[in-house]
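What follows is a set of notes on a single structure, which appears directly below.
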Amino acid sequence: MLHEKIIFAGFGGQGVISAGKLLAIAAMKEGKEVSHIPSYGAEMRGGTANCAVVIADDPIASAIVHKPTICIVLNEPSLDKFEPLIQEGGVLIYNSSKINRKPVRTDITVYEVPCNDISESNGSIRAANMAAIGALLKVKPKLASLESMNTALYEGISERNHKHNPINIKVIEEGYKFIN
Amino acid sequence: MSDKILMKGNEAAAEAAIIAGCRYYFGYPITPQNEIPEYMSKRLPEVGGTFIQAESETAAINMVFGASSTGARSMTSSSSPGISLKQEGISYLAAAQLPCVVINVSRGGPGLGNIAGSQGDYFQSTRGGGHGDYRTIVLAPYNCQELADLTLEAFDLADEYRMVVLILADGFLGQMSEPVVLPEPSGKKFNKDWAVGIGRKNKVASLILSPEDGLTKHNYVLKEVYDKVETEVRKYEEYMLDDADYLLCAYGSSARICKQAITELRNKGIKVGYFRPITLWPFPYDELLNASKGKKKILTVEMSLGQMVEDVKLAVNGSIPVDFYGIPGGMIPTPEAIIERVESYE
């Protein structure tokens, strides 16, 4: 049974809360149970932000994530904060473009993804979150398909930003391909 | 129409209010409920309604008083410290038997506290934060769908009994996004010949000095309504209680943590279920007493130092031991802590 507890974390402005929301919409479109809780309030652009997403086959009891099964971190403070919390046997995807140290845990599966480099080489400096999403969908294909993710990009983003979606989709695909 | 939309709890509540026919919203910003006024400021003008960002919480609740006295469906929302400021107005609305909906997306306290979800406002909500002999109906949703459904229903309850209906949510629920199927309006019609208007008599007496027992009589009029509500409005959910040895009792976000703990405890062979009050006033005393029969112990779980636990004890009246686990100040109990406590009973 699918029951993944996911934390997206990074600097405010890196799009971790949006990425989580889009993933939740994509999974919801496939009939899965989803929840999304942003960390909010004191965070601001440049500060750290994170969100907790649960995707499951069965109805979600608690949407609060104490021990994530999957962690996607886009900056180093988030790696420091969340690496110790990941459930044994869980997955860590980290943004090697912005994080200089290596993760230390040996009881989890670690994927090193240069999210900003993937984004920039596809013509945007702002789609690092999409590269991470792409990688995640390859590592955990049961969460959602690339097609559902593309639908989510149009339904979950306000219309004035739809013009960015061709690049978003390209970056997701490149992130997806990056994982072998 | 039955399409699921991923909505924040706050947005789901706001849209449900509009579906219920609420056309007047008055509020003052405070985290973590800001998406409600934000949403209302955009949506109300689209449906011919009025949104006013008041100069204070006190002003907002008194604007609700004005709108409600004309018979219009109106509401306000805030978070704990702001709800404290509204108490005087809530007491006045109760005195005048005016219907309205107040949403409290509660946060940690006392004082300015913090901005994380908390359940420290149970006493304030159920015992009347304002002065005088009055009651408010209190509804406690535990997910975004129920928050939307109960907000819709709150307007009907308010009109039916001419009472203030309080929705007690918390910061986690307000900020959380979940798939929501927006509810359909009930279509119920209510006679509002009590409403003020041109050529109508003012029904609101500001001060009842004569006859000497005038206020007493008015209090008994109110009591008659409250008695009726107590027999007619009881909502609760029972989960896996049939074969359970232990009964967890929790409302709102805490109940969800309990649900997860129940799954894990049952995997370990410990039979446990929960009783979740949905109306906090009227509290489902008789129903909880019945549910507790044959159980070994009740564990009440709250995001507070222990408030609802007093109603749980009133319900069972010493017939079964009642334990408490809680964490105050905007922290969330972990399923592990609940599991550990229940395991200690074995």
Side-chain angles (χ1 to χ4, degrees), chain A residues 1 3 5-6 8 16-44 47 49-69 85 87-88 144 148-149 151-158, chain B residues 3-10 30-35 79 105 107-108 113-117 142-145 170-181 239-240 248 250 252-264 266 274 276 301 303 330-338:
Chain A
M1 289 302 255
H3 193 110
K5 296 175 278 184
I6 309 161
F8 285 87
V16 290
I17 287 170
S18 312
K21 193 145 193 173
L22 291 169
L23 178 67
I25 292 172
M28 179 181 76
K29 291 283 161 200
E30 296 183 0
K32 297 179 179 93
E33 300 288 341
V34 302
S35 68
H36 173 273
I37 306 182
S39 74
Y40 59 92
E43 284 80 19
M44 59 184 99
N50 69 76
C51 69
V53 175
V54 181
I55 297 177
D57 286 329
D58 287 336
I60 296 161
S62 172
I64 311 276
V65 174
H66 297 282
K67 288 183 188 163
T69 56
L85 303 181
Q87 205 164 298
E88 204 183 311
S148 302
M149 197 62 214
T151 312
L153 279 171
Y154 284 93
E155 290 188 15
I157 292 181
S158 62
Chain B
D3 271 358
K4 281 184 179 176
I5 314 167
L6 192 74
M7 288 184 101
K8 262 195 182 191
N10 285 334
I30 182 170
T31 305
Q33 62 85 54
N34 282 325
E35 291 81 6
S79 180
V105 184
R107 63 189 235 181
N114 63 15
I115 56 171
Y142 86 143
N143 63 22
C144 293
Q145 182 67 56
D170 67 58
F172 300 113
L173 193 48
Q175 291 298 317
M176 180 189 304
S177 297
E178 287 181 310
V180 172
V181 179
Y239 179 67
M240 301 200 114
L248 303 182
S253 292
S254 305
R256 297 181 62 151
I257 311 285
C258 286
K259 209 167 200 173
Q260 189 168 330
I262 288 166
T263 308
E264 293 176 33
R266 282 191 172 260
Y274 80 41
R276 175 171 73 91
V301 179
M303 282 146 46
M331 297 292 284
I332 311 157
T334 60
E336 289 74 23
I338 297 167

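The shown structure was predicted, so the numbers you read here are calculated from the model rather than taken from an experiment. Note: hydrogens, waters and symmetry copies are ignored here, and every other heavy atom, side chains too, is used. A, B, ... follow the sequence lines: proteins, then strands. Residue 1 opens every chain.
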Full working for side-chain contact (heavy atoms from CB on, under 4.5 Å) between B:Arg276 and B:Tyr239: CA-CA 8 Å; B:Arg276 175 171 73 91; B:Tyr239 179 67; over 6 Å; no

Residue pair A:Glu30, B:Lys4: steps toward the salt bridge (charged side-chain N to carboxylate O under 4.0 Å, His left out) verdict: CA-CA 11 Å; A:Glu30 296 183 0; B:Lys4 281 184 179 176; over 6 Å; no

Check against side-chain contact (heavy atoms from CB on, under 4.5 Å), A:Lys5 and A:His3: CA-CA 7 Å; A:Lys5 296 175 278 184; A:His3 193 110; 4.1 Å; yes

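Looking only at heavy-atom pairs under 4.5 Å with chain B, the residue among A:Lys21, A:Glu155, A:Lys29 that has the most is A:Lys21. Contact count versus chain A (heavy atoms, under 4.5 Å) is highest, among B:Ile257, B:Asn114, B:Thr263, B:Asn143, for B:Ile257.
If you measure heavy-atom distances from B:Ile5 to chain A, the contacts under 4.5 Å come from the backbone alone. Only the side chain of A:Lys67 comes within less than 4.5 Å of a heavy atom of chain B; its backbone N, CA, C and O stay farther away.
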Side-chain donor-acceptor contacts of residues 51-62 of chain A below 3.5 Å, not counting sequence neighbours, with atom names and distances?
{"from": "A:Asp57", "atom 1": "OD2", "to": "A:Leu2", "atom 2": "N", "distance (Å)": "3.0"}
{"from": "A:Ser62", "atom 1": "OG", "to": "A:Ile64", "atom 2": "N", "distance (Å)": "3.2"}

